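In the text below, chain A, chain B and the rest are named by the order of the sequence lines, each starting its count at 1. For clarity, every value in this text was computed on a predicted model and none was experimentally measured. The figures here come from the full heavy-atom set of this structure, side chains too, leaving out hydrogens, waters and symmetry mates.
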There are 2 protein chains.
Amino acid sequence: MFRLSRVTDYGIVILAELARHRPDDEPAELMSGAPSLNARELAERADLPLPMVSKVLKALTRAGVLESQRGTKGGYSLARDPEELTVSAMIAALEGPLALTQCSDGEAACDLEATCSVKSPWLIINRVVQNSLASITLADLTNPGFAAQHTPLAGLAQLQTLADAPAKTTSDEVR
Amino acid sequence: MFRLSRVTDYGIVILAELARHRPDDEPAELMSGAPSLNARELAERADLPLPMVSKVLKALTRAGVLESQRGTKGGYSLARDPEELTVSAMIAALEGPLALTQCSDGEAACDLEATCSVKSPWLIINRVVQNSLASITLADLTNPGFAAQHTPLAGLAQLQTLADAPAKTTSDEVR
DNA sequence: TATTTACAGGACCCATTTGGTCCTGTATTC
DNA sequence: GAATACAGGACCAAATGGGTCCTGTAAATA
């Protein structure tokens, strides 16, 4: 269905790993309370190639989603609480502010949404998707209860009734 | 943010064009009531290159979203009412049953979602996105009123309140 | 202060995909 | 039977993405 880069794919997985590693707010350690994991540890936990993990971590740090610490006891930690980090923000940090289509590439003329009858379908779709992604946080992703509410069957059932799509409903899952 | 192929981009625009062309259910013409436009006409209306439009139309027809008529007075028409065609279905028809990440490539082991702690974040995200896309129909895309309801600010406000019910408030915002 | 660890920031390359065109065949209308 | 329009491919150039690796700099420790 959609496609986003492998970097983003890994990024979310890594962030979830970092969130999981948080021991429910450790005994407050001074300011920099967040415990950290280094690139190697994260690569092992996620079972992903270290160079890629490292690349992703750097990108997330540049985007302000993570904080890094150099040196012997260095590593990465979340810059915010998982409850405050939306999926929308995570993806934006990794993919850049792009959108579903290339509407606003180039001219700023697209501010005139009203006059742009051609592209308007995509404006609507983009907003709907953004909204739903802004409604999930990193905390939700690591919360078993939240996941349970969204069992495949429940999800598919909803889709089914709403979609009446051309058959392929079974597929609406992740590739 | 996300990215989907140009074909899908064009496809939605073309479908919106076809939906707009429907004169509120013309005087019922026998069975095949839907008026049709041919590839050339659609290319002109959407201001897109004819070969691409043609390619997209063929794909949509194969997927069952459109019906085609050959010959001199041939053309394409919607196979269903715009109210019954979800964005989710349109995208699936054009992009195939792929999803955000490549989780289920290869092994079917991913049925064991519970055991797959690594990928589960993406399962959740995919479902949320799917649900929101299944909540919009082609009719919504061509309804000026619907678009108006979705100013960026309004959308965000709603999300916030509905936050942990990722499902589908048909309204939301994006990009 | 020397050494080690780990992040920062690139450059770089190859395989794949995409966007786009075009050509041949078949059905339909007049 | 001539013209129109869809069906279904093949095909290609260009861009993109996934992935690795190399050189620098900051921090901790002995």
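For DNA chain C, the contact window with chain B, defined by any atom under 4.0 Å from a protein heavy atom, covers dG19(C) to dC30(C) in 5' to 3' order.
Listed in residue order, the members of residues 49-66 of chain A having a heavy atom less than 4.0 Å from DNA chain D are Pro49(A), Pro51(A), Met52(A), Lys55(A). Looking at residues 68-75 of chain A, you'll see Ser68(A), Gln69(A), Arg70(A), Gly71(A), Thr72(A), Gly75(A) sit with a heavy atom under 4.0 Å from some atom of DNA chain C.
The two residues Ser132(B) and Val129(A) come nearest to each other via the heavy atoms OG-CA, 4.5 Å. Heavy-atom minimum distance, Leu42(B) versus Ile14(B): CD1-CG2, 4.1 Å. Considering all non-hydrogen atoms of both residues, Val53(A) and Ala39(A) come closest at CG1-O, 3.9 Å. A pairwise comparison of heavy atoms in Val13(A) and Ala46(A) identifies CG1-CB, 4.2 Å as the closest pair. Nearest approach of Thr142(B) to Ala16(B), heavy atoms of both residues: CG2-O, 3.6 Å. Looking at every heavy atom in both residues, Gln130(B) comes nearest to Ser88(B) through OE1-OG, 3.2 Å.
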* **Check against side-chain contact (heavy atoms from CB on, under 4.5 Å), Lys58(A) and Tyr76(A)** => CA-CA 9 Å; Lys58(A) 285 180 240 177; Tyr76(A) 296 88; 4.1 Å; yes
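Arg6(B) has its CZ atom 13 Å from the C1' atom of dT16(D), to the nearest Å. In this structure, Asn38(A) places its CG atom 17 Å from P of dA27(D), rounding to the nearest Å.
We find the CE-CG distance between Met90(B) and Leu141(B) to be 5.0 Å, quoted to the nearest 0.5 Å.
Contact annotation: Tyr10(A) side-chain N/O to dG18(D) OP1/OP2 distance is not under 4.0 Å.
For the residue pair Thr8(A)/Ser5(A), the side-chain donor-acceptor check at 3.5 Å is satisfied.
Put simply, the side chain of Leu66(B) reaches to within 4.5 Å of the side chain of Leu15(B), judged on heavy atoms.
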